[in-house]
Amino acid sequence: INTGLQNLTSVGDGVCVISASDNKQLSQENQKWGGGHGVFTYFLLKGLKGEADYNQDQSVTLGELIPFLSEQVRRETKNAQSPTVAGKFDPALTISKDSPENSVR
């Protein structure tokens, strides 16, 4: 699967592939992460809903989301799971706008 994801990044500029873990790790799931999400999905949703907005400009960029995911997933799993990123993309690309209704439940 990882090889297939890596191949996606060769299609050209503007592609960002973020996977939950590297090819030698298991992606963890648990009820504590949003009622049964994987840890990666849980923090992906939180990041998109505004927690990754490090500069507090009401927008989440790839450049903010990627380190947020890496830090949170590694911390939560005690470094047993590390998201991976590949591709040629603009880290300044806005992928989410923060709004009051985006609060994580």
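Keep in mind that the numbers below use all heavy atoms, side chains included, and drop hydrogens, waters and symmetry copies.
In this structure, L65 and L48 have side chains that are in contact, with non-hydrogen atoms separated by less than 4.5 Å. Side-chain contact between L62 and F89 is present, with at least one heavy-atom pair separated by less than 4.5 Å. The closest side-chain heavy-atom distance from V15 to K88 is not below 4.5 Å. Proximity of T94 to V60: side-chain heavy atoms (C-beta onward) are nowhere separated by under 4.5 Å. Side-chain contact between Y42 and Q28 is absent, with no heavy atoms from C-beta onward closer than 4.5 Å. Between H37 and L45 there is a side-chain heavy-atom pair separated by less than 4.5 Å.
Here the closest non-hydrogen pair linking S19 and F40 is O-CE1, 3.9 Å. What you find for A52 and E64 is that their closest heavy atoms are O-CB, 3.1 Å. Heavy atoms only, all atoms of each residue included: V73 and T77 are closest at O-OG1, 2.8 Å.
Rounding to the nearest 0.5 Å gives a distance of 5.0 Å between CZ of F43 and CZ of R75. Rounding to the nearest 0.5 angstrom, the gap separating the OG1 atom in T61 from the CG atom in D90 is 9.0 Å. The distance from atom CG of D22 to atom OG1 of T84, rounded to the nearest 0.5 Å, is 7.0 Å.
In this structure, L93 is a member of the same hydrophobic cluster as L69, with clusters built from ILVMFWY side-chain heavy atoms closer than 4.5 Å. A continuous path of Ile, Leu, Val, Met, Phe, Trp and Tyr side chains, each step under 4.5 Å between heavy atoms, connects Y54 with V85, placing both in one hydrophobic cluster.
Listed by chain and number, the residues in a side-chain hydrogen bond (donor to acceptor under 3.5 Å, both in side chains) with S82 are R74 (sequence neighbours excluded).
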### Query
Which is it for S27 and S21 under the side-chain hydrogen bond (donor to acceptor under 3.5 Å, both in side chains) test, yes or no, and what are the steps along the way?
CA-CA 6 Å; S27 297; S21 59; 3.0 Å; yes
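Of the N and O atoms on the side chains of W33 and E76, at least one donor lies less than 3.5 Å from an acceptor on the other residue.
In terms of modelled atom types and a separation under 3.5 Å, the side chain of D53 and the main chain of Q58 share a donor-acceptor contact. The main-chain N or O of A20 is found under 3.5 Å from a side-chain atom of Q81 such that the two form a donor-acceptor pair.
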